[in-house]
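One structure is given below, encoded as structure tokens.
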Amino acid sequence: MRADVPLHRSLLLRLLAVSVLVSVCSIAATAWLTARSTTVAIRQEQGQALADDARTYDTLLGYAATHPGWDGAGEVVRRLARDTGRRVTITTERRVPLVDSDAGPPATLPARPTASIDPLHVDTVLAAASGAPLAQGTPLASVPDHIDPRAVGPFLLPGKERDALRTAAERRAACLRGSFGAAATIADSPSGRPVLDTEGARPYSETRCVSTVLDRPTATEAKALAALQKLVDSCLERRHESKVRLNLDFTWTPLPAPVPAQAATDDGPRGSVVPECVTGSRREQLAPYVAPPAMLFISSRGGDTSTAFDLSPENQARIAGVAALVLLITVTAGVMAGTRLSRPLRALTDAVRNMEEGRAARVEVKGKDEIGRLAAAFNAMAERRERLEELRKAMVGDVAHELRTPLSNIRGWLEAAQDGLADPDPELVSSLLEEALLLQHVIDDLQDLAVADAGELRVHAEPVDVADLLAQVATAHRGGAEAAGVTLVTRADGRLPLVADPVRLRQAVGNLVSNAVRHTPPGGTVSLLAHRADGDVVIDVADTGSGIAPDDLPLVFERFWRVEKSRSRRSGGSGLGLPIARKLAEAHGGSLSATSVVGEGSTFTLRLPAHGHAGAHSSGPDRRTR
Ligand code: ADP
């Protein structure tokens with residue numbers, strides 16, 4: 001039964017979780033960074049825009065305070081628009097355009113104006129927010145009557161009066177400096193009247209440096225003040241208030257009235273009536289001298305007043321939407337990648353289970369990536385395992401068969417002797433002995449292989465003369481070869497020193513020679529050749545025999561494998577000769593390989609390192625005779 005991987009251990013789910021986590025983190029980090037940097041950028045942009053707007057407002061307010069109309073404002077408006085890079089539009093209070101910095105189609109005006117420009121009703125809140133100082137450094141926010149100080153109207157001094165006042169002011173400043181060492185600077189007020197800043201002067205200095213010219217209103221001022229006084233008088237009369245005398249700085253002094261009044265300031269008991277009348281009268285007097293109230297629109301050049309990017313709810317929703325989309329893509333990609341990854345793994349797991357249950361196990365190999373390679377490696381392993389399994393089964397059968405034949409022969413002869421059907425003469429005894437020797441031969445071979453398989457085949461390495469060794473093997477097989485009509489030839493190229501186990505080596509070469517003699521027809525030749533190649537000693541056993549088919553060639557080294565399956569034990573070897581020879585070569589750190597051409601003959605090549613193998617020493621079971 002197939003047990004599914006629990007959900008929390010599923011590769012797919014874990015992959016998905018990791019990718020979602022990574023994408024959520026990256027989205028959050030990116031969004032945070034973007035929001036932060038954008039907010040800073042917006043703030044800077046807005047700050048700059050606010051400062052620009054305040055300057056534009058202040059300049060236009062100044063223009064309105066000193067001009068009776070907007071007709072000549074075009075130049076100022078265009079300059080402001082050029083400096084700030086924004087579109088500046090002035091309209092009447094009913095939104096009829098008066099001046100526009102940009103030519104072409106009229107600007108689509110935003111719902112709300114940036115500000116209203118009225119020098120007689122200055123928006124002190126806006127002015128305070130912008131922090132823009134008005135001309136002569138007077139903070140707009142500190143103008144209590146909301147009348148722009150630049151709006152002077154009839155109080156504007158003609159050049160002659162201005163010069164006279166200036167001279168008087170300079171004289172007085174010099175007097176203050178000379179007599180008292182006080183710092184005295186002269187500044188011009190909007191009307192042209194010089195203002196003496198006497199910071200540091202002692203209180204009584206005023207009386208010493210008195211200037212009648214400076215302290216008294218000029219003719220122009222007197223006239224304007226008289227007109228204003230008239231307006232104030234009628235206002236107070238209308239409101240049933242006692243009269244006051246106005247000063248040049250628009251403060252007032254109460255006049256002796258029928259009902260005694262002591263207060264003289266705007267916060268006196270008479271409340272706000274006097275200041276209201278003064279401010280109202282000033283507005284009335286100044287109105288013809290200043291530009292009519294107008295609305296100011298400051299917009300971006302394209303006519304769009306909205307900021308390019310903000311974190312409004314719509315934009316937040318947009319960001320959330322994009323994040324969700326990224327997440328969706330991540331999840332989809334994660335699922336696809338995870339499925340691609342986990343499907344072959346599942347197939348592999350199924351194949352391994354099949355293998356466990358003894359069924360054929362193969363997986364489909366797709367692609368050349370790591371999983372594709374794993375699948376290919378698994379298939380190769382499964383194939384080898386199946387082959388080994390088949391070999392194991394065949395070997396058990398073969399071993400039983402190999403042992404049964406000589407045993408049943410022995411048993412047959414012994415039973416015949418017992419029943420008196422055969423004479424236990426020397427001939428019978430020698431044939432029984434031959435069968436017993438064959439039996440022992442097979443068992444010895446099996447034991448050699450078992451020892452080699454266990455990695456316990458040890459060699460007693462010592463210097464060996466290869467030419468001598470080949471001669472010994474040839475001598476041992478010469479009898480058999482001559483009987484089969486086969487010529488045995490040996491040749492060694494010079495002196496070939498070799499460190500090896502002579503007994504094991506004779507056994508390996510002997511196996512090759514006996515195979516060669518057996519598979520060579522009468523008249524053929526078996527050659528034992530030795531030479532040196534790349535520091536190795538190479539021994540070739542070549543015959544002019546039947547040869548081996550290319551398909552069979554790799555199989556001759558398998559155990560119990562024979563070309564002619566039906567061949568009896570007696571006419572051939574055990575099927576273990578070549579596997580044993582190969583094991584012996586490997587125990588020496590060398591190799592055994594074969595080449596063959598069908599009908600022409602075969603060559604078995606034994607390659608051994610000349611100086612022996614590191615592991616070539618004695619320890620394991622030692623059986624030197626066979
Ligand atoms: P066997 O005891 O049967 O000879 P081996 O392991 O020595 O077992 O050889 C395996 C098989 O390889 C042989 O049965 C034979 O068919 C083939 N073989 C071995 N040597 C030769 C050779 N020199 N020429 C042709 N066939 C050979």
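Atoms within each ligand, like the ligands themselves, are counted from 1 in listed order.
Residue-ligand proximity, Arg518 to ligand 1, at heavy-atom distances under 4.0 Å covers atoms 1 (P), 2 (O), 4 (O). Heavy-atom proximity to Pro579, at under 4.0 Å, picks out these atoms of ligand 1: 6 (O). Atoms of ligand 1 found under 4.0 Å from any heavy atom of Val556, numbered from 1 in the order shown, are 6 (O), 10 (C), 12 (O).
Not close to ligand 1: Phe557, with no non-hydrogen atom less than 4.0 angstrom away. Under the 4.0 angstrom criterion for non-hydrogen atoms, Gly545 is not in contact with ligand 1. Residue contact annotation: Ser596 has no non-hydrogen atom under 4.0 Å from ligand 1.
At a heavy-atom distance under 4.0 Å, no atom of Thr520 approaches ligand 1.
Taking CG from Asn511 and CZ from Phe604, the interatomic distance works out to 11.0 Å, rounded to the nearest 0.5 Å.
With respect to the salt-bridge test (charged N to carboxylate O, under 4.0 angstrom), the residues Glu364 and Arg343 do not qualify. Between Glu389 and Arg384, no side-chain nitrogen of the basic residue sits less than 4.0 Å from a carboxylate oxygen of the acidic one, so the salt-bridge criterion is not met.
The heavy-atom pair separating His531 from Asp493 by the smallest distance is CB-OD2, 3.3 Å. Of all the heavy atoms in Val486 and Val517, the pair that sits closest is CG2-O, 4.3 Å.
In this structure, of Leu576, Ile548, Asp445, the residue bringing a heavy atom nearest to atom 26 (N) of ligand 1 is Ile548.
In this structure a side-chain-to-backbone donor-acceptor pair under 3.5 Å is present from Asp465 to Ala467.
Checking only distances, Leu578 does come within under 3.5 Å of ligand 1, N or O to N or O. In terms of N/O distances under 3.5 Å, ligand 1 is not approached by Ser546.
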Using the rule given for salt bridge (Lys or Arg N to Asp or Glu O under 4.0 Å), can you reason through Arg582 versus Glu558, listing the C-alpha separation, both sets of side-chain angles and the distance that settles it, and then say yes or no?
CA-CA 10 Å; Arg582 179 170 263 186; Glu558 302 278 4; over 6 Å; no
